[in-house]
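Let me begin by presenting the structure, written as structure tokens, before commenting on it.
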Amino acid sequence: MGSILREWVGFQQFPAATQSKLVELFGKLKEKGVSALTILVMGKGGVGKSSTINSLIGERVVNVNAFSSEVSRPVMVSRTRAGFTLNIVDTPGLVEGGYVNYQALELIKRFLLNKTIDVLLYVDRMDAYRVDDLDKQIISAISDSFGKEILRKSLLVLTHAQLCPPDDLSYDVFPARRSEAVLKTIRAGSRMRARDFKDSAIPVGLVENSGRCNKNESDEKILPNGKAWIPSLVKEIIGVATNGNKSIVVDKKLLEGSESNDRGKVFIPLILGVQWLLVKWIQRAIRDDIAKGGKAF
């Protein structure tokens, strides 16, 4: 269930300024001996996962339309350029009927068997104004499925970033507040200690996939703060990939959830030992009762 490795033709569709920045960024990876990068994209449905992948690849590699914005199963898109390979995995939405879609998570894990996740893009919308318990449940489900360590290789991506902030907030203030609300939910849902996040803070990337996105004089797509968002997002992705934390290997052990089972197995010898002592105690008590009974006669 892999993908066909193709030349990164869409790279040539980026403006020259963007191409130059991406060549520099991927060149730094190759200098560190990294010749391939695998990115897993996850989140609720309709938040812009597939559109973000199309923007990063520079091609319409995943179909997106107003009536069917979700892939039904995981899809890996692979592109190679100058000896470097970029793999991006698109996934179904993690919510179905108002509940966490555990079947989708299981499907994603099985698709990723024997693959390595270098970066997780957790995608949400910047123009959503609240988080709720469902968001927390989604993070808990991801953490339970792939292990808490996957959050050390994560980047929060907020789409629909070209918007007018409400309540007369400045553009820089609103993304900060929105991202902090989502990050707070990630911390709560993962059940990780505050110190763990301090040691490995989750960065934030802003995205605007609309064809109406503003552009600078170099024809690059920019956000209201003037930043060209594609090279900025790639820079954040590479930062996560090289942050010193181990990539996540999806092996049979992770697929079967044996890590949690192994923790339970640690107590098996102790339980057997207690049972053995209890049996011995009962046997001794029985013998004592029989002996006492015999003396009475």
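Quick note: numbers below take in every heavy atom, side chains included, and nothing from hydrogens, waters or symmetry partners.
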Please check if atom NZ in K28 has more than 12 non-hydrogen atoms from other residues, nucleotides or ligands closer than 6.0 Å. no
Give a yes or no on this: more than 12 heavy atoms of other residues, nucleotides or ligands lie within 6.0 Å of atom CD of E96. no
Hey, what do you get for [atom1] ([X]) to [atom2] ([Y]), rounding to the nearest 0.5 Å?
{"X": "Y171", "Y": "L206", "atom1": "OH", "atom2": "CG", "result": "5.0 Å"}
{"X": "L25", "Y": "E236", "atom1": "CG", "atom2": "CD", "result": "10.5 Å"}
{"X": "L223", "Y": "L163", "atom1": "CG", "atom2": "CG", "result": "10.5 Å"}
{"X": "R125", "Y": "T159", "atom1": "CZ", "atom2": "OG1", "result": "6.0 Å"}

Qualifying residue for side-chain contact (heavy atoms from CB on, under 4.5 Å) with I53, from I39, V75, V41: V41
Per side-chain contact (heavy atoms from CB on, under 4.5 Å), L37 is matched among T116, L86, V234 by L86
Following the transitive rule for hydrophobic clusters with a side-chain heavy-atom cut-off under 4.5 Å over Ile, Leu, Val, Met, Phe, Trp and Tyr, establish whether I139 and L134 coincide in one cluster. yes
Starting from Y102, can I reach L40 by hopping between I/L/V/M/F/W/Y residues whose side chains sit under 4.5 Å apart? yes
Would a 4.5 Å heavy-atom cut-off, applied to side chains only, mark [X] and [Y] as touching?
{"X": "N216", "Y": "K227", "result": "no"}
{"X": "Q19", "Y": "Q12", "result": "yes"}
{"X": "M42", "Y": "F146", "result": "yes"}

Is the side chain of [X] donor-acceptor paired with the backbone N or O of [Y] at a distance under 3.5 Å, no angle test?
{"X": "S20", "Y": "A16", "value": "no"}
{"X": "K49", "Y": "K44", "value": "yes"}
{"X": "N54", "Y": "V61", "value": "yes"}
{"X": "Q162", "Y": "N214", "value": "yes"}

Between R110 and E106, is there a salt bridge with N-O shorter than 4.0 Å? yes
Going by an N to O cut-off under 4.0 Å, is there a salt bridge joining D251 and K253? no
Taking salt bridge (Lys or Arg N to Asp or Glu O under 4.0 Å) as the cut-off, I'd like each qualifying pair that reaches into residues 79-95, sequence neighbours left out, listed once. E59-R79
